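For reference, the structure is listed below as structure tokens.
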Amino acid sequence: MKRKTILSGMRPTGKLHIGHYAGVLTNWIKLQEEYNCFFMVADLHALTTEYDNTKDIKQNTYDIVADWLSCGINPQKAVIFCQSDVPEHSELHLFFSMLTPLGWLYSCPTYKEQLREQSSKDLKTYGFLGYPVLQAADILLYKAEVVPVGKDQIPHIELTREIARRFNSFYGKCFPEPQALLTETPYIPGIDGRKMSKSYNNCIYLTDTEEDVRQKVMQMFTDPTKIRKNDPGNPENCVVLAFHKVFNQNEAKDIESLCRAGKLGCVEDKKNLIKILIDILQSIKEKREKFTPKKIEEIISEGQSKASSVAKQTINEVKNLIGLL
Ligand code: TRP
């Protein structure tokens with residue numbers, strides 16, 4: 001049976017943290033075994049908000065690919081490429097922009113939310129409004145049927161389906177209506193208990209050293225009422241336990257009981273977690289060392305050529321259907 005096609009992407013907004021690893025990358029690594037996968041660095045999407053601050057964009061693209069590879073995304077199994085290397089994304093975006101009603105874009109929940117949240121930035125731009133149109137072009141250019149994304153991206157996949165339907169109804173069947181593949185992403189808080197995010201400065205990065213990990217874990221938020229080792233803990237909001245649940249699944253239940261029973265102190269608990277995290281990051285680091293900068297450039301360039309050959313076919317078909325050829 002023919003493998004289904006998957007496309008997913010990440011904006012290159014800086015180095016990845018252990019939450020990306022547990023949430024997104026472990027899932028991509030599984031999917032590359034079963035699907036025809038395209039994994040894209042969405043640098044044009046980054047421009048929709050960072051158009052006035054582009055100096056790091058190339059480096060960030062390179063770094064994110066290095067992170068993917070060192071976690072186990074395999075260029076022999078998946079096409080790894082950069083969006084702006086394949087100009088057909090922009091071309092399909094333009095064709096789609098002709099038939100996308102403004103109302104669909106203004107009412108998109110992510111649009112309204114971002115305008116509110118990033119109020120210090122001027123996001124009342126043509127490009128930012130069209131963010132989901134560009135995303136639809138990314139997905140449909142490869143006729144992807146399945147799009148692994150987080151919950152927040154559901155409205156964009158819904159819009160993609162609507163754009164596909166509208167295109168097909170005007171010009172003839174060309175595109176599938178892709179499905180979002182929602183994956184159970186484990187919740188991993190930042191070291192202070194808030195959401196793990198670069199802007200909160202509470203992340204454990206994939207490139208952190210052992211010393212970084214030690215210091216960060218020792219700072220992790222735990223039950224503030226558990227002062228001595230023998231105090232029974234209430235670990236509902238304990239960051240250390242949240243990490244054990246994700247990275248040390250076999251022992252997490254016992255750790256929780258011991259904590260509640262006052263038989264495990266926070267310091268010992270943290271030391272155990274440090275070992276586990278250092279092991280994970282060590283194996284990522286070892287893989288990273290196998291990829292020289294030159295090798296990474298090669299992988300991105302091979303990805304470009306594989307992605308381009310599919311993209312060119314689709315654009316040809318699209319222009320034909322519209323009547324431009
Ligand atoms: N909008 C996605 C995000 O912010 C990134 C992205 C761009 C994407 N193009 C895509 C995701 C296509 C899936 C498919 O996470």
Side-chain angles (χ1 to χ4, degrees), residues 4-17 19-21 23-25 27-28 31-32 35-51 57 60-61 64-65 67-68 73 78-93 96-97 100 104-105 108-115 117-118 121 123 127-164 175-183 185 195-199 303 307 310-311 314:
K4 285 191 174 172
T5 297
I6 272 188
L7 181 129
S8 198
M10 280 187 208
R11 282 167 297 154
T13 50
K15 53 190 177 178
L16 298 184
H17 56 62
H20 294 117
Y21 170 69
V24 184
L25 290 174
N27 185 38
W28 285 12
L31 294 171
Q32 69 184 354
Y35 292 86
N36 182 23
C37 288
F38 291 84
F39 296 131
M40 177 189 82
V41 183
D43 59 346
L44 299 175
H45 276 104
L47 283 184
T48 62
T49 56
E50 304 302 315
Y51 55 84
I57 198 162
N60 286 346
T61 295
I64 211 174
V65 171
D67 278 335
W68 291 357
I73 303 292
V79 179
I80 297 170
F81 73 103
C82 170
Q83 189 181 29
S84 69
D85 283 345
V86 182
E88 285 79 7
H89 287 257
S90 307
E91 202 173 356
L92 191 57
H93 167 257
F96 286 167
S97 76
T100 305
W104 291 3
L105 301 176
C108 187
T110 53
Y111 179 68
K112 294 189 275 194
E113 192 186 296
Q114 289 289 311
L115 277 190
E117 277 180 14
Q118 306 215 38
K121 234 176 218 164
L123 291 184
F128 186 66
L129 181 65
Y131 185 110
V133 183
L134 182 57
Q135 189 162 346
D138 298 337
I139 297 165
L140 297 174
L141 194 53
Y142 304 93
K143 302 192 180 180
E145 294 146 284
V146 180
V147 190
V149 283
K151 273 209 300 299
D152 63 310
Q153 296 290 309
I154 297 279
H156 295 170
I157 310 306
E158 190 47 48
L159 254 159
T160 301
R161 297 160 61 80
E162 278 166 12
I163 290 173
F175 296 114
E177 290 181 29
Q179 302 279 349
L181 180 66
L182 271 186
T183 32
T185 44
K195 184 181 160 197
M196 191 179 281
S197 157
K198 195 171 55 172
S199 52
V310 181
T314 305

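Counting starts at 1 for both ligands and their atoms, in listed order. These numbers come from a predicted model, not from an experiment.
Ligand 1 is surrounded by Leu7, Ser8, Gly9, Arg11, Met40, Ala42, His45, Tyr131, Gln135, Asp138, Ile139, Val147, Val149, Gln153, each with at least one heavy atom closer than 4.0 Å.
Using a 4.5 Å cut-off on side-chain heavy atoms (C-beta onward), Phe128 and Lys121 make no contact.
Looking only at distances, a side-chain donor or acceptor of Ser8 sits under 3.5 Å from a matching main-chain atom of Pro148.
Atom NZ of Lys4 has 12 or fewer heavy atoms from other residues, nucleotides or ligands within 6.0 Å.
Screening residues 139-150 for side-chain hydrogen bond (donor to acceptor under 3.5 Å, both in side chains) gives His89-Tyr142, Lys143-Glu317 as the qualifying pairs, with residues at least two apart or on separate chains.
In this structure Lys198 satisfies the salt bridge (Lys or Arg N to Asp or Glu O under 4.0 Å) test with no other residue, sequence neighbours excluded. Partners of Ala144 under the side-chain contact (heavy atoms from CB on, under 4.5 Å) rule, at least two apart in sequence or in another chain, are Thr5, Leu7, Ile139.
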